Amino acid sequence: MTPSSVSGAAFDPGAFSATDLIRTKRDGGRLSDAEIDWMIAAYTDGYVADEQMSAMAMAILLRGMSREEISRWTAAMIASGETMDFSSLKTADGARRLTADKHSTGGVGDKITLPLAPLVASYGVPVPQLSGRGLGHTGGTLDKLEAIPGWRASLTNEEMLAQLDSLSAVICAAGAGLAPADKKLYALRDVTGTVEAIPLIASSIMSKKIAEGTDALVLDVKTGSGAFMKTREDSEELARTMVALGTDAGVNTTALITSMETPLGLTAGNGIEVEESLEVLAGGGPADVVELTVELAREMLAGVGVTDVDPAENLRNGRAMDSWKKMIAAQGGDPQAPLPQAAHSHTITAAVGGTVTRLDAMSVGLAAWRLGAGRARKEDTVQAGAGVRMHAKPGDQVAAGQPLFTLLTDDQERIARAEEALNGAVDVDVSGGPAELPPLLQGRITAQDL
Ligand code: URA
């Protein structure tokens with residue numbers, strides 16, 4: 001892989017005025033390519049001040065952007081840093097090996113990357129999965145994997161390429177060199193109430209994925225209480241915008257819209273999510289986690305032209321598990337080592353019997369976070385053993401007194417606040433009738449749908 005550097009795109013300070021560009025967007029106008037390139041380059045350099053970029057972000061949130069503007073904004077953020085190139089990956093007969101990647105907009109109990117990357121890799125497709133740490137109520141893939149004794153998130157570009165070549169699967173930390181403009185802008189949006197702008201979310205996510213240089217990309221866009229986008233409409237718009245950006249950049253991009261009303265699987269935390277992922281890799285595990293893993297694997301494989309396999313097969317026959325063990329060991333982890341256990345646990349039981357009709361994802365995410373599984377500030381550490389085990393999901397029957405949740409933490413004093421987060425998180429229909437459940441897969445958007 002050659003990280004081809006374009007670090008810090010050049011700009012002429014006198015070419016435009018930030019105030020004029022802010023006024024253009026504030027009044028609903030369109031920014032030209034040259035204006036966008038200038039704004040991003042001058043902001044990355046520090047010539048455009050944070051307060052000016054904040055005003056621009058707010059104008060974008062209120063006025064929106066055209067497809068062309070979002071595309072150029074994304075390209076300018078890519079040009080602010082290095083890009084990666086996996087074209088040196090070849091088969092024995094010299095053909096290019098196309099890479100496939102996945103991005104999830106984040107949800108509670110979303111451990112899918114863990115079984116998914118080795119599953120797709122078990123078909124010989126390289127998966128360069130650059131991931132992040134969690135902030136807030138949704139966990140980060142690296143936090144989960146760091147629960148495995150010895151596992152190392154940081155790889156050099158050379159180590160990453162060598163591992164992709166030999167094992168096909170890599171999950172590691174995204175280096176600071178990819179889209180540094182986004183890093184700066186995202187931190188600013190976080191404190192100026194401008195995270196929620198769809199053009200800014202889409203360009204932020206896609207600048208990093210396009211800079212990473214993957215050939216195919218599958219987006220898992222979550223919708224519902226535990227998701228970033230609470231409504232189906234907003235999730236669809238975000239998905240369309242990202243598919244358009246990927247397509248315009250030559251990345252074969254599709255999006256699945258998936259429900260995040262209720263957590264995925266029966267665990268939300270770090271080590272306990274690894275444990276559940278291992279169940280899936282061993283051919284078992286909760287039905288929703290298996291379904292989503294298989295559907296996303298199917299999309300990723302199709303994205304690089306592999307359409308003649310059933311991805312469920314390599315979960316059943318152990319090949320995905322073999323791929324996992326090699327991937328973990330290559331990054332210093334011991335796949336056989338016991339996972340860390342929390343020092344304290346507390347069980348919450350059902351007050352009445354009946355059918356569980358609702359289990360709120362956001363409440364479970366908040367409880368896991370309060371137990372120590374997540375962080376409030378970037379510099380915080382997370383507890384490997386903390387989290388929430390769920391004993392019943394929507395559609396299940398429970399009896400009064402039956403366990404609904406087990407709360408896990410190293411700090412007993414965290415339990416009361418976590419319990420508070422779960423007040424009202426579960427609805428039980430005492431008549432015991434069947435529950436109406438939204439389907440996990442809610443939609444699919446491809447370049448043809450744009
Ligand atoms: N994730 C990102 O990387 N960027 C956003 O703006 C939102 C989520």
Side-chain angles (χ1 to χ4, degrees), residues 40 43-44 50 53-54 56-62 64-65 69-71 73-78 80-81 83-84 101-108 110 112-113 128-143 153 171-212 214 217-224 226-231 234-246 249 251 253 255 257-258 260 361-362 365 369 374-375 378:
I40 296 286
Y43 176 60
T44 310
D50 275 350
M53 191 50 121
S54 310
M56 177 61 90
M58 186 58 80
I60 292 170
L61 182 138
L62 296 172
M65 273 179 149
E69 284 179 300
I70 303 173
S71 182
W73 189 272
T74 307
M77 292 214 292
I78 295 168
S80 72
T83 53
M84 293 164 92
D101 193 7
K102 183 240 15 173
H103 177 84
S104 159
T105 59
V108 179
D110 185 358
I112 302 294
T113 296
Q129 187 76 55
L130 300 182
S131 300
R133 291 190 169 74
L135 191 63
H137 75 283
T138 63
T141 296
L142 301 182
D143 294 327
I171 305 176
C172 66
L178 292 181
D182 174 64
K183 191 158 270 175
K184 201 171 169 193
L185 180 54
Y186 191 55
L188 187 71
R189 287 165 56 213
D190 208 23
V191 294
T192 55
T194 50
V195 166
E196 293 84 354
I198 286 178
L200 296 179
I201 299 172
S203 54
S204 166
I205 292 172
M206 293 303 290
S207 61
K208 289 168 283 195
K209 286 293 163 187
I210 296 167
E212 176 200 299
T214 188
L217 176 65
V218 178
L219 299 161
D220 179 5
V221 180
K222 305 288 186 194
T223 189
F228 215 29
M229 298 281 120
K230 308 287 181 207
T231 68
D234 283 348
S235 308
E236 270 194 22
E237 190 186 333
L238 178 61
R240 272 177 202 284
T241 308
M242 292 197 290
V243 170
L245 284 173
V251 180
T253 311
I257 306 212
T258 69
M260 189 30 71
M362 188 70 192
W369 179 71
R375 51 172 73 72
K378 280 205 290 290

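Order of appearance sets the numbers: ligands from 1, and atoms from 1 within every ligand. Being a predicted model, the structure only gives us computed values, none of them experimental.
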Near [X], which atoms of ligand 1 are under 4.0 Å from a heavy atom of that residue?
X    : result
I201 : 6 (O), 7 (C)
S204 : 2 (C), 3 (O), 4 (N), 5 (C), 6 (O)
F228 : 7 (C), 8 (C)

Is [X] reaching over with its side chain to a backbone N or O of [Y], donor-acceptor style, under 3.5 angstrom?
X    : Y    : result
D110 : I112 : yes
K184 : Y43  : yes
S204 : D182 : no

> Where do R375 and D143 land on the side-chain contact (heavy atoms from CB on, under 4.5 Å) test, with the steps shown first?
Replying inline: CA-CA 10 Å; R375 51 172 73 72; D143 294 327; 2.9 Å; yes
> Nearest protein heavy atom to atom 1 (N) of ligand 1, by residue and atom, and its distance?
Replying inline: I205 CG1, 3.7 Å
> Where is the nearest protein heavy atom to atom 3 (O) of ligand 1: which residue, which atom, and how far?
Replying inline: K208 NZ, 2.5 Å
> Are any of the N or O atoms of D182 closer than 3.5 Å to those of ligand 1?
Replying inline: no
> Any N/O of R189 closer than 3.5 Å to an N/O of ligand 1?
Replying inline: yes
> Taking the non-hydrogen atoms of V195, is any one of them nearer than 4.0 angstrom to ligand 1?
Replying inline: no
> Is the closest side-chain donor-acceptor distance between T113 and K102 under 3.5 Å?
Replying inline: yes
